[in-house]
Amino acid sequence: MCIRDRYSEEVLQAIAEVLKSGVLTAQHGKWVKAFEAELASYLGVRYAAAVSNGTTALHTALKAIGVGPGDEVITTPFTFAASATAVLHANAVPVFADIDRETLNLDPASVEERITDKTKAVVVVHLAGMPAEMDQFMKLAERYGVKIIEDAAQALGAEYRGRRAGSIGHVSAFSFYATKHITSGEGGAVATDIAAYAERAKLIRAHGEVGKYSYELLGYNYRMTEIQGVLAYYQLKQLPEMERRREAYVKALLEELAPLEGDLITVPRPRPYMKHAWHLVQILLAVEKLKKPRDYVVEALRAEGVGNAFVAYPVPLYKTPLFQRQEGHGLGCPWTCPYYKRRVEYKPLPNAEWAAERVVSLLVMPNLTEQDALDTAAAFKKVLSHLRR
């Protein structure tokens with residue numbers, strides 16, 4: 001597919017104007033600033049700061065609220081690595097809590113059990129586009145004095161009790177990677193209603209520079225480019241139509257899969273007060289009723305032409321070598337940080353392990369059609385019928 005098939009003439013013209021102007025950086029351009037204003041308005045928050053990707057958005061959010069050596073940050077092990085590795089980049093210690101089997105999101109009760117005097121924040125992931133139980137997390141924040149970071153990398157457009165995902169916690173992080181709801185190839189953003197966090201985020205993304213060669217705090221080069229700003233700006237304008245396409249695909253898919261539910265599969269669905277953004281459809285297999293394990297099912301689905309089938313996430317993060325070895329930055333930091341003075345042992349979490357064993361994921365993209373949904377459901381029926389014990 002050529003670029004003219006993917007982007008409107010308006011977008012191509014804007015990119016050409018950026019190239020002709022020679023102003024490729026956000027420091028002197030207009031597009032990143034325009035995107036930030038649009039994103040803040042869309043989310044219903046006062047501030048948005050565009051950054052280079054979703055991982056740097058999380059790192060920036062953590063540093064903006066003051067996470068550092070000696071701190072613990074609680075998050076889910078059933079997610080992409082960045083939700084936890086960004087904590088390591090902030091020189092803090094990740095602590096994993098278990099998930100809710102119905103939503104696959106972080107379980108507030110499990111989080112509460114793990115809060116200590118070292119807990120600075122909780123990174124709440126809206127996994128696959130399913131909003132987490134934000135009311136309960138904000139109550140924990142008030143009760144224990146911790147900060148809530150919403151990892152909304154997979155949830156642009158999701159809603160919880162009428163509020164956009166990413167507008168409820170103290171600060172939030174978004175990703176605009178190629179598979180996300182809007183994309184600038186790479187890209188991300190930090191959003192917040194708190195002026196002090198917004199100001200720190202903007203300093204952190206640009207070397208902590210307050211004036212020419214004047215540095216107020218430790219920062220990084222996490223800036224978004226102007227061309228990325230063009231793409232993000234126009235895709236945000238197109239988000240409602242892309243949402244409509246995603247929802248049509250998912251509706252058709254779930255209607256066709258209904259005969260399998262409660263028997264061979266379970267599909268986590270949003271509660272009545274939630275709007276799912278459908279980055280992924282997470283399908284949980286009744287593996288005890290199948291002759292072959294989950295990975296065999298995925299291979300069989302792909303052989304049937306279901307190219308968007310994969311596994312998110314096959315191993316809880318705490319079981320990976322990074323967290324088992326606890327080497328981090330070298331010499332065991334941040335786990336061995338003298339400001340921490342504790343020992344972390346990552347023990348199995350039953351719900352996360354249960355989900356990791358049986359989840360099959362379908363990436364939902366706006367170019368998928370209702371016919372694609374019917375074909376995918378037919379493949380599931382064929383494969384699972386063949387493999388049933």
Pairs satisfying ring pair (Phe, Tyr, Trp, His ring centres under 6.0 Å), at least one member in residues 225-256, at least two apart = W31-Y233, W31-Y234
By side chain to side chain contact (heavy atoms under 4.5 Å, CB included), which residues pair with A37, not counting sequence neighbours?
-> none
Not counting sequence neighbours, list each pair that qualifies as a ring pair (Phe, Tyr, Trp, His ring centres under 6.0 Å) and has a residue in residues 102-122.
-> none
Report the residues that fulfil side chain to side chain contact (heavy atoms under 4.5 Å, CB included) with A378, sequence neighbours left out, ordered by chain and then residue number.
-> none
Test item: R164 side-chain N/O and G44 main-chain N/O as donor-acceptor pair under 3.5 Å | no
Salt bridge or not for E17 and K30, using N-O below 4.0 Å?
-> no
Output yes when a side-chain donor or acceptor of S385 lies under 3.5 Å from a complementary backbone atom of K382, and no otherwise.
-> no
Do L264 and L290 have side-chain heavy atoms sitting under 4.5 Å apart?
-> yes
Quick one: which residue pairs count as a salt bridge (charged side-chain N to carboxylate O under 4.0 Å, His left out) with a foot in residues 46-56, not counting sequence neighbours?
-> none
Check whether more than 12 heavy atoms from other residues, nucleotides or ligands sit under 6.0 Å from atom CZ of R325, and answer yes or no.
-> no
Among E133, M134, E159, find the residue that satisfies the side chain to side chain contact (heavy atoms under 4.5 Å, CB included) test when tested with M274.
-> E133
Between CZ of F35 and CD1 of I182, what distance do you get to the nearest 0.5 Å?
-> 4.0 Å
Under a single-linkage rule joining Ile, Leu, Val, Met, Phe, Trp and Tyr whose side-chain heavy atoms are separated by less than 4.5 Å, which residues share a cluster with Y220?
-> V51, L203, I204, V210, L217, L218, Y222
Would you call E247 and K251 a salt bridge, taking side-chain N to carboxylate O under 4.0 Å as the test?
-> no
Measuring from Q154:CD to F80:CZ, what's the distance to the nearest 0.5 Å?
-> 9.5 Å
Consider only side-chain N and O atoms of E72 and Y340, and report whether a donor and an acceptor are under 3.5 Å apart.
-> yes
Side-chain donor-acceptor pair under 3.5 Å between E353 and Y318, yes or no?
-> yes
Between R200 and E216, is the closest basic N to carboxylate O distance under 4.0 Å?
-> no
By side chain to side chain contact (heavy atoms under 4.5 Å, CB included), V315 pairs with (sequence neighbours left out) K319, T320
Do E36 and R205 sit within salt-bridge range, that is, some charged N less than 4.0 Å from a carboxylate O?
-> yes
Between the CD atom in E304 and the NE2 atom in H386, the distance rounded to the nearest 0.5 Å is 10.0 Å
Side chain to side chain contact (heavy atoms under 4.5 Å, CB included) test vs V306 passes for just one of L301, V298, V383, namely L301
Please list, chain by chain and in numerical order, all residues satisfying side chain to side chain contact (heavy atoms under 4.5 Å, CB included) with Y296, sequence neighbours excluded.
-> K292, P293, L387
Output all residues satisfying side-chain hydrogen bond (donor to acceptor under 3.5 Å, both in side chains) with T119, sequence neighbours left out; order by chain, then residue number.
-> none
Can you list every ring pair (Phe, Tyr, Trp, His ring centres under 6.0 Å) pair that touches residues 187-218, not counting sequence neighbours?
-> none
Please identify each residue that fulfils salt bridge (Lys or Arg N to Asp or Glu O under 4.0 Å) with R101, with sequence neighbours left out.
-> none
Residue pairs passing the ring pair (Phe, Tyr, Trp, His ring centres under 6.0 Å) test where at least one lies in residues 100-157, sequence neighbours excluded = none
If you measure from CG on L257 to CD1 on I265, what distance do you get to the nearest 0.5 Å?
-> 4.5 Å
